[in-house]
Amino acid sequence: MVTVDSFDAFLFNASRAFCSPLAVFIQIQGCLIVLVLALGWALAAYVRGREIRRMKSSMKSGNSFAFLTLDINELEHSNQANLPRVTVVMPLKGFGEHNLHNWRSQITSLYGGPLEFLFVVESTADPAYHAVKCLLADFKDAVEAKVIVAGLSTTCSQKIHNQLVGVDQMHKDTKYVLFLDDDVRLHPGSIGALTTEMEKNPDIFIQTGYPLDLPSGTLGSYCIYGYHMPCSMGFATGGKTFFLWGGCMMMHANDFRTDRHCVVSGLRDGGYSDDMTLAAIAGAHKRLITSPPVAVFPHPLATDLTFPRYWNYLRKQTFVLESYTTKVNWIMNRALFTSHCYLSWGFVSPYFMAGIHVAAALRHYLKENSLEGTVMTCTGLLLVACLAVCTVIELLSMWNLTRIEVHLCNMLSPEAPQLSLASYNWCLVFIAMLVDNFLYPLSAMRSHLSQSINWSGIRYHLKDGKICKIDRHRHLVPKITDLAGKDLLGKQGSIPKVAIISTLSRTVAQWRRPKKYNI
């Protein structure tokens, strides 16, 4: 039986141990990790904020279309008529609460050039099939779009298979292909902004962006937000980056037609992750990846996103490090695996030690103790104070970046419901950061040992970094997906209710997608 005295002894001994040189190093290292995160978010906020200032300056100069382009002359009919054709390929899986809103934001783009949308599903039994058919029927001739049934993948992930089938059926005059996830909520000028950068710099291999998570209030949704935020600084460079997000990738269509750098065969022959595979190809051939400062997209998370669904999502994210294309790519993934695990627990450990220090200090002042205990307690509290200050700085930096990205998204989509920081619970954000960093190494180790993953009801097995076996069984299919809470089963042949599709939708679409502007 544990007595009060034995518990006190445990606390004092643990606090004393945490004042050893090695423990002090770990706690100081944790403070430095926290400060580096704060600095990274501050730099990312500067890049996003600079774009806001440019937009405001352009608006003051009389450009009421600054949310589309900073140079209003680009909206002249002569310029719009020469814009290249873009094909948007969207692999779909399931149907959820935010899909219709997201699809509408995509197909009602204000891009002035030729634009086609290819919605690619695995089969007509997918609940997304009938939902998107209803949506396109409602818009009729307002957009150039079609639904493609890709069939089952046999050599790669289903998402990659859907993407490649879409590429095979894109228009013969397409110059750029844009891959979008169905949970991406575009701004009216997003496609135009990406295309403009591709036209300015033909050396760009891939253009990408990153989501701004909108937590729904559950701990699971805040853990997703906490997972994505450290990664977001790598996309807020305003230009060149080494990171790639599969939810938004614009590439040259000819790279797929000619299989340049083996982009098609690299994806098709055992590819599991589209973004990791393409990033590896870009690195191997020293090709340029860029992320424009306006490429940040609202990403509403499911209102019922539970903790187990967050864990499933984390498992899929850590599993991508087990896939690779070359030996160099394998080494890079092992380095990412090791460094991320080390930094994650290096982030969490000081908070555990701080909890012991605080508990020991409270017990110390509630009873008579020696001078040695007082000195030890003061040392521990000094380390706690340093960590507390660093944590406040980190949360302020995180809050500031989120505030600026929310403001930027509101400016880029002036007709959409305005986003707000009011719904963010920053106590839950802090807890989610600790939970996510604690669980990441566990998830990564499990992925490494298992070499298989269940992704939306399909179990993929890896061998030498590539998919070697695909299992499909009814019992593997979850009822809903992890982030968006999309229905994966549905009822075969049923048509989901599409409440927001109406005559008003057609009117809005025609207003939002003119082919030219009379300036």
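Keep in mind it's a predicted model, so treat the numbers as computed, not measured.
Of the N and O atoms on the side chains of Asn454 and Arg459, not one donor lies less than 3.5 Å from an acceptor on the other residue. A donor-acceptor contact under 3.5 angstrom links the side chains of Ser413 and His187, judged on distance only. Inspection of the Gln158 and Arg472 side chains reveals an N or O donor paired with an N or O acceptor under 3.5 Å. Under the 3.5 Å distance criterion, with hydrogens and angles disregarded, a donor-acceptor pair is assigned to the side chains of His299 and Asp183. In summary, the side chains of Asn201 and Glu197 do not present any donor paired with an acceptor at a separation below 3.5 Å, with no hydrogens or angles considered. If you check the side chains of Ser323 and Ser273, you find no donor sitting under 3.5 Å from an acceptor. Donor-acceptor pairing under 3.5 Å is lacking for the side chains of Thr208 and Ser291.
Within the 3.5 Å criterion, the main-chain N or O of Met249 finds no donor-acceptor partner in the side chain of Gln207.
Sorted by first and then second residue, the pairs that involve residues 59-69 and meet side chain to side chain donor-acceptor pair (under 3.5 Å), not counting sequence neighbours, are Ser58-Asn63, Thr69-Glu74. Every pair tested for side chain to side chain donor-acceptor pair (under 3.5 Å) that includes a residue from residues 236-251 fails, sequence neighbours excluded, so the list is empty.
Aromatic rings from Trp103 and Phe117 are positioned such that their centres are separated by 6.0 Å or more. Ring centroid separation for the pair Phe256 and Phe179 comes in under the 6.0 Å cut-off. A ring-centre distance under 6.0 Å is found for His228 and Tyr313.
Here Tyr129 pairs with nothing under the ring pair (Phe, Tyr, Trp, His ring centres under 6.0 Å) rule; sequence neighbours left out. Tyr424 pairs by the ring pair (Phe, Tyr, Trp, His ring centres under 6.0 Å) definition with Tyr225, Trp426, not counting sequence neighbours. Every residue was checked against the side-chain contact (heavy atoms from CB on, under 4.5 Å) condition with Lys172, not counting sequence neighbours, and none meets it. Every residue was checked against the salt bridge (charged side-chain N to carboxylate O under 4.0 Å, His left out) condition with Arg315, not counting sequence neighbours, and none meets it. With sequence neighbours excluded, no residue forms a salt bridge (charged side-chain N to carboxylate O under 4.0 Å, His left out) with Asp436. Applying the side-chain hydrogen bond (donor to acceptor under 3.5 Å, both in side chains) test to Asp168 and every residue at least two apart in sequence or in another chain returns nothing. For Lys175, the salt bridge (charged side-chain N to carboxylate O under 4.0 Å, His left out) criterion is met by Glu199, not counting sequence neighbours. Under the salt bridge (charged side-chain N to carboxylate O under 4.0 Å, His left out) criterion, Arg403 pairs with no residue at all, not counting sequence neighbours. Scored by the side-chain hydrogen bond (donor to acceptor under 3.5 Å, both in side chains) test, His340 finds Tyr440 as partners (sequence neighbours excluded). His261 meets the ring pair (Phe, Tyr, Trp, His ring centres under 6.0 Å) test with Phe205, His285; sequence neighbours excluded.
Comment: Asp255 engages Arg260 in a salt bridge, judged by a side-chain N to carboxylate O separation of less than 4.0 angstrom. A salt bridge is defined here as a Lys NZ or Arg NE, NH1 or NH2 lying under 4.0 Å from an Asp or Glu carboxylate O, and Arg309 with Asp304 meets this definition. Using a cutoff of 4.0 Å between basic side-chain nitrogens and carboxylate oxygens, Arg85 and Glu144 are scored as salt-bridged. Taking 4.0 Å as the cut-off between side-chain N and carboxylate O, Glu51 and Lys56 do not count as a salt-bridged pair. With respect to the salt-bridge test (charged N to carboxylate O, under 4.0 angstrom), the residues Asp274 and Lys159 qualify.
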>> Test salt bridge (Lys or Arg N to Asp or Glu O under 4.0 Å) on Glu322 and Arg334; report intermediate values, then the result.
In response: CA-CA 8 Å; Glu322 300 304 314; Arg334 290 304 94 199; 3.0 Å; yes
